Amino acid sequence: MEKPTLPKGTRDFGPAQMAKRQFIFNTIRSVFQKYGFQPLETPAMENLSTLTGKYGDEGDQLLFKILNSGDFLKDANQENLTTGNWKLVTGDISEKGLRYDLTVPFARYVVMNRHEITFPFKRYQIQPVWRADRPQKGRYREFYQCDADVVGTDSLICEAEIILMIKEVFKGLGIQNYTIKINHRAILSGLAELCKGGNETSLFVAIDKLDKIGEEKVKEELRSRGFADANLTEVFEILNFKGTTAEKIEFITQKFANSEAGKKGISDLTQVLQLLKDFNTTEEHVEFDIALARGLSYYTGCIFEVKINNVAIGSVSGGGRYDNLTGVFDPNDKKSGVGFSFGVDRLYDAMEELKLFPQEAQISSKVLIAHFDAESKKYGLGVLQQLRVQGIASEIYPDAVKIQKQLEYANKKLIPFVIVIGSEEVKSGMLAIKNMKTGEQQKLSVEEVINLIK
RNA sequence: GUGGGUAUAGCUCAGUUGGUUAGAGCAUCAGAUUGUGAUUCUGAGGGUCGUGGGUUCGAGCCCCAUUACUCACCCCA
């Protein structure tokens, strides 16, 4: 018989992992809801026409496509088949694909439902997405994103609130050493204006790697992409400027004196920082990083990225403002949106590495009822029901087996208390309750047991 | 898409210049213990060494192919 396996880059999540994952999901969800976001779910699959062209050529390559049902060759163009033009054949035999992120399906939803939606619309969405790239550390083909976006307002309060939410989620998860990097697309544009010639995107992609590969490697890459060293002097002067956020802003304000884009970026950023003060929060964990660029082509305003320090995993959260997302589906409907996303799978890996999962989050039942014989098992059912009425998660060992085995079961399931029932307990009504951590055992009435555990 | 690495028990891994019957820890099961787990002691089960071919008197080890996994690059959560 052939051994069953999983598709590359996908995982099962057993009870132990699910307990930890749900701890993350619950933390994020409760923060989203506290900030007034409402839930949304969209289908796992979208029409390919909805997805293609939104993520650039690279992104189109990484889309999982779904083969048409039935005789999918029926409608395929014979010429495409014989010439072996796979890209054209793909379009003939596949019209659906798995979602690549949550932002594009959200934009589609907004355009389709704009008459029912009250703007500004704040939605959160926690669902898996799929990417057909080669898996590696911290990178899967199926992974969950937790998105929160606001569409229909260009207020910078949204940007400030994103920072607040990130801080609150990380506090809830117990992650302390992290950095929220912030930048602005217009500041990047200002930077591009300072070096004449060369492709803007190539510049952003290259400088984004600055802290990873260093100045020399970045310059090397830029040279290979047609940038002249002489034109890069001022760019690197800015990128290498060290100082506080306020000092950085002052420095680039002089540099961007003649740049409309640069001035707009600085103004937005300054306002966001001021709003943080108005919210009575500090700039702790927030870092203005002029080299931060994000790949997705639709960001137009502030951009964010969150990294957990001392953990070798990519960013665990990112986002930004896009002025033109709905415009992709309807050119007459250009709504401004801003949003961000947590990568649960990377948060999980990072928290595992940092040993941040609290053990309480892994407890399922609080009590197990163990029994010595049929009569005590029967008696235990009544006790079990009383516990459950009190809202205590509890279970009884269903089979008649040795007490050893029942205690082992509790031990493995991390159940903290075991009520042992035998003929003595049935007779007296006093229950033997054992604390599995300390090993202590005492005789208590049902009411006393409930008070102890609750 | 490009380039490395790995593949031996359910899991994590040893395995000498190629040499008889392939080992350990953990896990599982049984017992020490007929009203007590995690700790301790004793014992047991479990492997066509990823797959296919080649070299050799002889291959877990060397060579070729293939598949899976994994790490890095591109890009990204």
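The figures that follow rest on heavy atoms only: side chains count, while hydrogens, waters and symmetry mates do not. None of these values were measured; they are calculated from a predicted model. Below, chains carry the letters A, B, ... as their sequence lines are ordered, and counting in each starts from 1.
Between B:rC74 and A:Lys209, a contact under 4.0 Å exists linking OP1 or OP2 to a side-chain N or O. When the side-chain nitrogen and oxygen atoms of A:Lys405 are compared with OP1 and OP2 of B:rG35, none of them lie within a distance under 4.0 Å.
Between A:Pro135 and A:Arg141, the one whose closest nucleotide on RNA chain B sits nearer the 5' end is A:Pro135. Each of A:Asp345 and A:Arg134 was matched to the nucleotide of RNA chain B holding its nearest heavy atom; the match closer to the 5' end belongs to A:Arg134.
The pairing partner recorded for B:rG46 is none, the criterion being a Watson-Crick or G-U wobble arrangement whose two distances lie under 3.5 angstrom.
Rounded to a whole angstrom, the distance from the C1' atom of B:rU28 to that of B:rG10 is 8 Å. Of the C1' atoms belonging to B:rU70 and B:rG15, the separation is 23 Å, rounded to the nearest Å. Between B:rU66 and B:rC57, the distance separating the two P atoms is 28 Å to the nearest Å. Nucleotides B:rU48 and B:rU42 place their P atoms 29 Å apart, quoted to the nearest Å. B:rU67 sits 16 Å from B:rU51 when the P atoms are compared, rounded to a whole Å.
Closest to the side chain of A:Ser315, from the set B:rU36, B:rA77, B:rG35, is B:rA77. Ranking B:rC69, B:rA72, B:rU36 by closeness to the A:Lys8 side chain, first place goes to B:rC69. With B:rU36, B:rC74, B:rA77 as the choices, the nucleotide that has an atom nearest any side-chain atom of A:Leu407 turns out to be B:rU36.
A stacking contact between A:Phe372 and B:rG35 is absent: the pair does not combine a ring-centre distance of less than 5.5 Å to the base's six-membered ring with planes differing by less than 30°.
With hydrogens and angles ignored, a donor-acceptor pair closer than 3.5 Å exists between the side chain of A:Glu425 and the base of B:rG35. In this model, a side-chain donor or acceptor of A:Gln441 finds a partner on the base of B:rU36 within 3.5 Å.
Note on A:Gln145: only backbone sugar-phosphate atoms sit closer than 4.0 angstrom, heavy atoms only; bases stay farther off.
Just one residue in the list A:Leu173, A:Ile163, A:Ile28, A:Val31 forms a side chain to side chain contact (heavy atoms under 4.5 Å, CB included) with A:Glu168, and that residue is A:Val31.
For A:Glu95 (side chain) and A:Asn68 (main-chain N/O), no donor-acceptor pair under 3.5 Å exists by modelled atom type.
Closest of all the heavy-atom pairs between A:Phe329 and A:Arg108 is CE1-N, 3.6 Å.
A:Asp399 and A:Tyr409 form no side-chain donor-acceptor contact under 3.5 Å, judged by distance and modelled atom types alone.
Taking the ring centre of A:Tyr100 as origin, the terminal cationic atom of A:Lys54 falls outside the region bounded by 6.0 Å and 45° from the ring axis.
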